[in-house]
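We name chains A, B, ... by the order of the sequence lines, and we start the count at 1 in each one.
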Amino acid sequence: MVQRPRGTADVLGPEAQRWQRVESLARRVCERAGFSEVRTPTFEATELFTHSSGESSDVVQKEMYSFTDRGGRPLTLRPESTASVVRAYHEAGLSGVHKFYYMQAHFRYERPQKGRLREHHQLGCEILGTDAPLADAELIAAAWTFLSAAGLSDLSVSLNSIGDRVCRPAYRLALQAYYRPHRDELCADCQRRLEDNPLRLLDCKRESCQALKQAAPKSRQHLCEACQQHFAQVCQLLDELGIRYRFDDLLVRGLDYYTRTVFVITHSALGAQSEVCGGGRYDQLSEVIGGGALPGVGFGLGLERLLITLGEGDQPAGSTRLYLAVTSPQLQGPALALAMQLRGAGLTVEVELADRSLKAQFRRADKEGFSHVAVFGPGEQASRHLTVRHLADGSESTEPMADLAGILLKRGSGL
RNA sequence: GUGGAUGUAGCUCAGAUGGUUAGAGCGCCAGGUUGUGGCCCUGGAGGCCGGGGGUUCAAGUCCCCUCAUUCACCCCA
């Protein structure tokens, strides 16, 4: 049989319910905090991503699903959404401060492993149009609030500032000056990074490069006056909000567009892919894609990873659901008609579709967690009354069909 | 892209050194109870042993290739 593509997932059954709970929670948290939803196209012009993420980034170099359409346009399935949101802001003719959230699929051609898929979903929040430290703090707070509300404990927020176009160049030079004498001790990847992306040197996890990293120049000590103040205010605001964090001088992020604040939130249950949320400020991104000056800060939060950390979880207590058992195939039509009437009155009702024994029908109702079963046969059809069995305790009562929905809903499924 | 592990029934897994009709538990279906669930008992259905090639008188078992899953590297959500 044809199988699903590598690195993709089907979601069904209880898994789908877990997704629904997380999604509705995300919408609630975001909208309460004043974020409004934005939906962007699944594919974009390839250059949107190459310009924003950076030609040298791994995402652009080897992870994009790129293709040419029949009109010869170079297109790419979005590997991330921040650039799209900034583009959409400009195309909609907006100005001033806007807060957006999105929940959509992203695509990266990578080797799948725990917490890493080729198609994955992110909740993202972006605050556009201001470089105020308050925006950084509110954004991190939004991620924090959502993760806490979802039931995640043991969160760990790592924070750093990587400067802006004023101080970053000097910091890059300092890094290069520090590393150059040790060039031969570096791994092959780092030798390349030394020239095209020195900040990424701090990202290397190889044994051989560890010692050098520890003594490398720290970004926080090379910030210009403005960046220093900005970062200090972000930290102070987080303190006031009661959000605990720790400084990580080695935190740099893989996308080129980040400036100033960068952060990640990690969780121990995730194995090697421990980041559940990552983001930062990107004050130059807009200009890079030709949109004029527009500061912004945002995060992406991996929903698959969040669901892993939450574990299976307990199903919420069952609500009132009626299973209509049918005694013969001839009565399935009338039973469905009754079900539609009861559904119209607000009751959740399922009708047996196969021609099976009552015993089998009861068994299925029990296994699938229905609260009540009623048998629909010739007698019931004639009398317009149903005997309803409450599965939790086996009690039965006979009620007129016309009132059934109201009675069951009022009684609830409680014991 | 690199390395390791794993693919046998719907699910979880047994199947020493190759050897006749490939097994268990759970699940599913039916019956025991001709209009009633959970527990119990009985019976039944369901497998080109991931796919392809090779070695052999003989392959689920050995070899090669391939696909997929999974863990790690890399990188990121």
Strand partner of [N], provided both Watson-Crick or wobble distances fall under 3.5 Å:
N: G7(B); result: C67(B)
N: A30(B); result: U42(B)
N: A14(B); result: none
N: G47(B); result: none
N: A72(B); result: U2(B)
N: U20(B); result: none
N: C62(B); result: G54(B)

Taking the side chain of [X] as heavy atoms from C-beta outward, which of [options] is closest to it?
X: Val375(A); options: C29(B), C76(B), G35(B); value: G35(B)
X: Gln113(A); options: A72(B), A30(B), A77(B); value: A72(B)
X: Arg253(A); options: U69(B), A77(B), G35(B); value: A77(B)
X: Glu275(A); options: A30(B), A77(B), U69(B); value: A77(B)
X: Lys114(A); options: G35(B), G37(B), A72(B); value: A72(B)
X: Asp203(A); options: G35(B), C71(B), C76(B); value: C76(B)

Subject >> Along RNA chain B (nearest heavy atom to each residue), the more 5'-positioned of Phe376(A) and Gln273(A) >> reply: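 Nearer the 5' end of the strand: Phe376(A).
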**OP:** Between Asp366(A) and Gly302(A), name the one whose nearest nucleotide on RNA chain B is closer to the 5' end.
**Re:** Asp366(A)
**OP:** Could you check whether the rings of His390(A) and His372(A) sit parallel, tilted or perpendicular, using 30° and 60° as the cut-offs?
**Re:** parallel
Original post:
Taking the six-membered ring for Trp, are Phe100(A) and His98(A) parallel (under 30°), tilted (30 to 60°) or perpendicular (over 60°)?
Top reply: parallel
Original post:
For the rings on Phe35(A) and Tyr101(A), is their centre-to-centre separation under 6.0 Å?
Top reply: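 No, they do not, as the ring centres are separated by 6.0 Å or more.
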With distance as the sole criterion, do the side chain of [X] and the base of [N] form a donor-acceptor contact below 3.5 Å?
X: Gln3(A); N: G51(B); value: no
X: Arg111(A); N: U2(B); value: yes
X: Arg116(A); N: C71(B); value: no
X: Lys359(A); N: G38(B); value: no
X: Gln361(A); N: U36(B); value: no

**OP:** Quickly, which of Arg220(A), Gln221(A), Gln214(A) forms a side-chain hydrogen bond (donor to acceptor under 3.5 Å, both in side chains) with Asp249(A)? Name it, please.
**Re:** Arg220(A)
Original post:
Which one of His120(A), His121(A), Arg116(A) satisfies the side-chain hydrogen bond (donor to acceptor under 3.5 Å, both in side chains) criterion with Glu304(A)?
Top reply: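 The side-chain hydrogen bond (donor to acceptor under 3.5 Å, both in side chains) with Glu304(A) is passed solely by His121(A) among His120(A), His121(A), Arg116(A).
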Subject >> Pair Arg281(A)-Asp131(A), salt bridge (Lys or Arg N to Asp or Glu O under 4.0 Å): steps then yes or no >> reply: CA-CA 8 Å; Arg281(A) 177 159 283 288; Asp131(A) 64 358; 5.8 Å; no
From [atom1] of [X] over to [atom2] of [N], roughly how many Å is that when rounded to an integer?
X: His267(A); N: A77(B); atom1: NE2; atom2: C1'; result: 15 Å
X: Arg4(A); N: G50(B); atom1: CZ; atom2: C1'; result: 14 Å
X: Met64(A); N: A77(B); atom1: CE; atom2: P; result: 15 Å

Subject >> Smallest separation among heavy atoms of Ala174(A) and His222(A), with atom names >> reply: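 Residues Ala174(A) and His222(A), closest heavy atoms: CB-NE2, 3.8 Å.
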Spacing of the [atom1] atoms in [M] and [N] (rounded, Å):
N: A58(B); M: C71(B); atom1: C1'; answer: 37 Å
N: A9(B); M: G25(B); atom1: C1'; answer: 12 Å
N: G10(B); M: A45(B); atom1: C1'; answer: 12 Å
N: C49(B); M: G7(B); atom1: P; answer: 15 Å

Could you check whether [X] gets within reach of a base, just the sugar-phosphate, or nothing at all, counting any heavy atom under 4.0 Å?
X: Glu119(A); answer: nothing
X: Ala325(A); answer: nothing
X: Arg108(A); answer: base
X: Leu117(A); answer: base
X: Gly279(A); answer: nothing
X: Gly124(A); answer: nothing
X: Glu304(A); answer: nothing

Subject >> Anti or syn - A16(B), cut at 90° from 0 >> reply: syn
**OP:** Could you tell me whether the phosphate oxygens of G37(B), OP1 or OP2, come under 4.0 Å of any side-chain nitrogen or oxygen in Arg364(A)?
**Re:** no
Subject >> Phosphate OP1/OP2 of C76(B) contacted by Arg200(A) side-chain N/O (<4.0 Å) >> reply: yes
**OP:** Tell me whether His121(A) is stacked on the nucleobase of A77(B), counting only the six-membered base ring and applying the 5.5 Å and 30° thresholds.
**Re:**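 No, His121(A) does not stack on the base of A77(B), since the centre distance and plane angle fail the 5.5 Å and 30° test.
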**OP:** Could you check Glu37(A), Glu138(A), Glu126(A) and say which one makes a salt bridge (charged side-chain N to carboxylate O under 4.0 Å, His left out) with Lys99(A)?
**Re:** Glu138(A)
